[in-house]
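Protein chains get the first letters and strands the later ones, always in sequence-line order, with residue 1 at the start of each. Keep in mind the model is a prediction, meaning the values are calculated, not measured.
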Amino acid sequence: MITFLINFFRILERVEMKYPFAEVEKKWQSYWENNQVFKTDLADLEKKLYCLVMFIYPSGSKLHCGHWYNYGPTDSWARFKKLQGYNVFEPMGYDAFGLPAENYAIKTGIHPQDSTFTNIDDIRNQLKHMGCMYDWSAELMTCVPEYYKWNQWLFLQLYKRGLAYRKKAPVNWCPSCQTVLANEQVQQDGSCERCGTMVEHKNLTQWFFKITDYADELLDGLNKIDWPDKTKLMQTNWIGKSVGTEVKFRVEGHDETITVFTTRPDTLFGVTYAVLAPESELVEKLTTDEYKETVQKYVDSVKSLTEIERTSTVKEKTGVPTGAFAINPVNGEKVPIWVADYVLASYGTGSVMAVPGHDERDFEFAEKFGLPIRKVILEPGKNPEDKLEEAYTDAGTMINSGEFSGLNSDDGIEKVSDWLEEKSLGNRKTNFRLRDWLISRQRYWGTPIPVVYCDKCGEVPIPEDQLPVTLPYDVNIKSDGGSPLAKNEEFINTACPQCGGAAKRDADTMDTFVDSSWYYLRYLNPNFNDGMFDTKLANEWTPVDMYVGGAEHATMHLLYARFIHKFLRDIGMVNSDEPFAKLVHQGTITNQGAKMSKSKGNVVNPDSFINDYGSDVFRMYLMFMGPYELGGDWSDKGIVGVDRFVQRTYSLFKKYEGISKESESKDAYELSDLNENEKSVYRKVNHTLNKFSEEIEHFRFNTAVALLMELLNELNKNFEQCRIDLIVYSLERFSALLSPLAPHLGEECWGLIGREKSMYEDPVWFEIDTKALTVDNVTIAVQVNGKLRAKIDMPVDTPQDEVKSAVFNDDKVKSHTDGKTVVKEIYVPNKIYNIVVK
RNA sequence: GCCGAAGUGGCGGAAUUGGUAGACGCGCUGGACUCAAAAUCCAGUGGGGCUUAUACCUCGUGCCGGUUCGAGUCCGGCCUUCGGUACCA
């Protein structure tokens, strides 16, 4: 009975000592909210800083570990900046249109709008529990007319300037479901994910934004922004600028000409055949009667293949001749015209000249179909007679090339192009791999396209003063046959704004990437009624200083947003060239090796961890897991380590509760006034301040957490022997360091030592005493032939000759050098002394 | 396929410009406290060899090769995993 009581009290005592995270987190969250600590004064432009994280997609699943991984550390960076005195604007919103809500509706019958609003309410609630410093007055969502109205307005501005246009483009069509499928709804074998029917390609007339008009500027602009090199490289490759020449080939016995694009006009004399893309309009025109059937069969067989399959360099090349012949403009030679799927209609002119001797794909194709291979570029050091074993694609000397023979091929490119231009047989041309942005979606849950089609007036844009075109609520999403909106008579039938006659609305909605191309401008005043966004604020606050989001957006969202920003600049809406000055990618948190997704059923729910450890521990653990930009596979193995750190930290502050009321710290100390323990503490505190700033600045949160752990170990070890004001000095700084990573704990600790307000109301950051960063002694590693043999301690900056004598007096060094000749010595001051012996 | 990344102890990872590989944490082992356990605290912890022991030797950053006094880091060639590939966002 007595033991029981003793244990009971002991448990009570422990419960009391344990960090009451639930209570503390709630307390600070309400404090921040009630005192509007994180409402940004956008009029205060001195040290303004716009920190943006990619807004959240409110699909069926709520916040998962991946969201925490994205938002927590970014917020820590923003908080760090706030403490440093920046006026930080950190908003949050919802990318609320999109396919998954619609799929969910088809499965459950719950209307996308209803499920989206419910999800947003849940997510908002969860976000608030993370304890981020979001300015909730700036919250926005894209699925309301107040937002998407401006997508429509943007569309009209693009339309006015000829940058929104219609053309035919293929979609994935499931003949059984009678619906258009997204690429992700098509399975690997080309079948529909719902019913398994083979998906077909069907051509529909759809809207495009002419991003290609900005291709050159999008490329050049990459030099002006502080983005990861890999992202810039991916965008560069995606845009795929190539400078070359278009060459016209006459077709024998035909009025048509074939225009091909080539970057290697120097190889024109090596052309032994020409190839048309299967979709090319020329195929039907040029194919001779004899070949009509085989060509038609071939073209049909290619329809189900994806672009990836077609352009695969390991897939066996296929193709058929058309029976027609083209005339090579440089030598008048007659070469056969083939159709082959390795040529894409979407790139260049949709036709290529084939030079098997100097192009790998052409070489493979020619070998397979027995087409001639001619050598026209001589590899340095080889003979003209040597047989080509593979395509030679580098520069060399031109041979078998008429008047151009003997030229270096690099010069030949220019000379042949000049010659073609003089004779009007070709033109220099720059081509881009980048294609125009297809924005039409045959779906319900998106922004209606503000155009009507009138029998009399044709295609008519909705006048700006009649916007928004509201997305109707009552729509049968499951309707078979194309766009759901097409079946809503009330929506689709309207009066023509021009003639007042009967007209039909465009039944498609916009790609959701349109929404996300300008949301960062709307955040500055989401309630702005006089335009898309407040231009004055936009000019003052953008480009965004820091943008954080996944690398999976490298080529699409991040390119579209840059395009739209440049367009908005051209119509006078913003005065900057780029939307995002600095960009950081967080890595992906996977689970059992796979990206977390509801469909895979591997989403890790953070709630149980928040309940057991609190949000500070959870976000700090995510930061501690590894490098932010790498992500990693989820495991909860180490979370107890971070929890222990938090507990020990809290105990330490609890031990010195109210200490700043007993004694005031100095701003700096003279090292000579401190005892050994104090010196060690003082150095560690300053060293940590210094390194921590550097680490957080560069999003290296894992090492920042480790630094705080080291600091705590140091304080626990030496505090007993420290004077009280130095303890205050250390704890003040420690709570400031904690505050960005564990915001609730940081505030609580700051309060425990006796401070009244939130750290963020009167931001505090402490100056580093650089004198404390110096050391008295260094350990020099001594190597013999690059192998570590000894370590010697020396005063810092000891002259080399003194280091040398110490090194050669060392017994271990002697044992490795005795009887050998010293060939070379390398001394890296204060670091390494390497002796090379023979 | 193409474009872009990554690979280090039993595990997550550290090593900021080519300069002491394994910081910090998890786990594990041993000890203290306890009737006992949990929690906490202290110590140890890459593999192999050798020694009474301090020590010392040796191998070691996905694989093969190269540059260098010195390579996790740079170069060439592979292997594996991940992101994107234009209608998931």
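- Comparing the P positions of B/U73 and B/G62 gives a spacing of 8 Å, expressed to the nearest Å.
- Which of B/C87, B/A5, B/C2 sits closest to the side chain of A/Ala182 comes down to B/C87.
- For A/Asn183, taking side-chain heavy atoms from C-beta onward, the closest of the listed nucleotides B/C2, B/C87, B/A89 is B/C87.
- Listed pair A/Arg789 / B/U58 meets the phosphate criterion, a side-chain N or O lying under 4.0 Å from OP1 or OP2.
- Contact between A/Ala781 and A/Leu788 at its shortest, heavy atoms only, is CB-CD1, 3.6 Å.
- With a cut-off of 3.5 Å on both Watson-Crick or G-U wobble distances, the partner of B/G18 is given as none.
- Looking at residues two or more places apart in sequence or on another chain, you find a salt bridge (Lys or Arg N to Asp or Glu O under 4.0 Å) between A/Arg435 and A/Glu307.
- Residue-level contact check: A/Arg648 touches the backbone only, with heavy atoms under 4.0 Å from sugar-phosphate atoms and none from bases.
- For the pair A/Leu181 CG and B/C87 C1', the interatomic distance rounds to 10 Å; values are reported in whole Å.
- When the C1' atom of B/A39 is taken as reference, atom CZ of A/Phe645 falls 19 Å away, rounded to whole Å.
- Annotation: B/G77 and B/G4 have their P atoms spaced 13 Å apart (nearest Å).
- In this structure, A/Tyr560 has its ring center under 6.0 Å from that of A/Trp437.
- In this structure, the nucleotide among B/C41, B/G83, B/A86 sitting nearest to the side chain of A/Met234 is B/G83.
- Residue A/Thr555 is classed as a sugar-phosphate contact, given heavy-atom separations below 4.0 Å to backbone atoms only.
- Atom CG of A/Leu559 is separated from atom P of B/G4 by 16 Å (rounded to the nearest Å).
- Of the candidates B/G83, B/G4, B/C87, B/C87 carries the atom nearest the A/Val180 side chain, counting heavy atoms from C-beta on.
- The gap from the P atom of B/G22 to that of B/G76 amounts to 29 Å, rounded to the nearest Å.
- Taking 3.5 Å as the limit, the base of B/C87 and the side chain of A/Gln206 contain a donor-acceptor pair of atoms between them.
- Considering only the side chain of A/Glu695, B/U16 comes nearest among B/A89, B/A14, B/U16.
- Counting any heavy atom pair closer than 4.0 Å across all strands shown, A/His557 reaches no nucleic acid atom.
- Rounded to whole Å, the distance from CE on A/Met625 to C1' on B/G13 is 10 Å.
- Spacing between atom CG of A/Leu630 and atom C1' of B/U8 amounts to 13 Å, rounded to whole angstrom units.
- Between A/Thr512 and B/A89 there is a side-chain polar atom (N or O) within less than 4.0 angstrom of OP1 or OP2.
- Here the side chains of A/Ile832 and A/Ile780 are not in contact, with every heavy-atom distance at 4.5 Å or above.
- One P atom belongs to B/A86, the other to B/U68, and the distance between them is 46 Å to the nearest Å.
- Look at A/Arg443 and you won't find any side-chain N or O under 4.0 angstrom from OP1 or OP2 of B/C87.
- Residue contacts shown for A/Glu307 are absent, as no nucleic acid heavy atom lies under 4.0 Å away.
- Note on A/Arg644: only backbone sugar-phosphate atoms sit closer than 4.0 angstrom, heavy atoms only; bases stay farther off.
- Remark: B/C2 base-pairs with B/G84. Criterion, Watson-Crick or G-U wobble with two distances under 3.5 Å.
- Nucleotide B/G31 is shown with an anti base, its glycosidic torsion being more than 90° from 0.
- If you check every strand for non-hydrogen atoms under 4.0 Å, A/Val171 touches a base.
- Using P as the reference atom, B/G44 and B/U52 are 24 Å apart when rounded to the nearest Å.
- In this structure, of B/A5, B/G12, B/U16, it is B/U16 that holds the atom nearest to the side chain of A/Glu694.
- Using N1 to N3 plus N6-O4 or O6-N4 for Watson-Crick, or N1-O2 and O6-N3 for G-U wobble, each under 3.5 Å, B/A39 pairs with nothing.
- For the pair A/Asn237 and B/G4, the criterion of a side-chain N or O lying under 4.0 Å from OP1 or OP2 is met.
- Put simply, A/Arg361 has no side-chain N or O that comes within less than 4.0 Å of OP1 or OP2 on B/C2.
- When rounded to the nearest whole Å, the span between CE of A/Met141 and P of B/A89 equals 18 Å.
- Side chains of A/Ser242 and A/Tyr347: a donor-acceptor N/O pair is present below 3.5 angstrom, by distance only.
- Listed nucleotides: B/C57, B/G1, B/A86. Nearest to the side chain of A/Val314: B/G1.
- B/U51 makes up no base pair with any nucleotide shown, lacking Watson-Crick or G-U wobble contacts both under 3.5 Å.
- In this structure, A/Tyr69 atom OH and B/G83 atom C1' are separated by 14 Å, rounded to whole Å.
- Between A/Leu99 and A/Leu233, the residue anchored closer to the 5' end of RNA chain B is A/Leu233, taking for each the nucleotide with the nearest heavy atom.
- A/Trp238 comes within contact range of at least one nucleobase, with a heavy-atom separation under 4.0 Å.
- Taking the P atoms as reference points, B/U61 lies 15 Å from B/G66, given to the whole Å.
- Here A/Lys230 does not reach the OP1 or OP2 of B/A5: none of its side-chain N or O atoms lies under 4.0 Å away.
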I'd like a list of close polar pairs between nucleotides 17-24 of chain B and the protein, N/O only, cut-off under 3.5 Å.
residue: B/G19; atom: N2; partner: A/Gln783; partner atom: OE1; Å: 3.4
residue: B/G19; atom: N2; partner: A/Asn834; partner atom: ND2; Å: 3.4
residue: B/U20; atom: O2; partner: A/Lys791; partner atom: NZ; Å: 2.9
residue: B/A23; atom: O2'; partner: A/Glu710; partner atom: OE2; Å: 3.3

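- Contact check for A/Asp810 versus A/Ile792: side-chain heavy atoms found under the 4.5 Å cut-off.
- Regarding A/Gln586, its CD atom lies at a distance of 13 Å from the C1' atom of B/A89, rounded to whole Å.
- Taking a pair to require two hydrogen-bonding distances under 3.5 Å in either a Watson-Crick or a G-U wobble arrangement, B/A89 remains unpaired.
- Between A/Ala105 and A/Ile477 the shortest heavy-atom distance is CB-CD1, 4.0 Å.
- Between A/Val782 and A/Lys791, every side-chain heavy-atom pair lies at or beyond the 4.5 Å cut-off.
- Listed nucleotides B/U58, B/A86, B/G84 differ in distance to A/Lys787; the shortest reach to its side chain belongs to B/U58.
- Within the 4.0 angstrom heavy-atom criterion, no nucleotide atom of any strand lies near A/His585.
- With RNA chain B read from its 5' end, the first of the two nearest nucleotides for A/Ser440 and A/Ile835 is the one closest to A/Ile835.
- Both the sub-6.0 Å distance and the 45° axial angle are not jointly satisfied by A/Lys814 relative to the ring of A/Phe808.
- Note that A/Arg619 lies outside the cation-pi zone of A/Trp68, set by a 6.0 Å cut-off to the ring centre and a 45° limit from the axis.
- With both ends at atom P, the span from B/G65 to B/C57 equals 26 Å, rounded to whole Å.
- Using a 30° and 60° split on the angle between ring planes, A/His557 and A/Tyr547 fall in the perpendicular class, above 60°.
- Straight-line distance between the C1' atoms of B/A53 and B/A38: roughly 38 Å, to the nearest whole Å.
- Between A/Tyr19 and A/Tyr650, the two ring planes are tilted [angle within 30° to 60°].
- Base pairing of B/G46 is made with B/C59, judged by Watson-Crick or G-U wobble geometry with both donor-acceptor distances under 3.5 Å.
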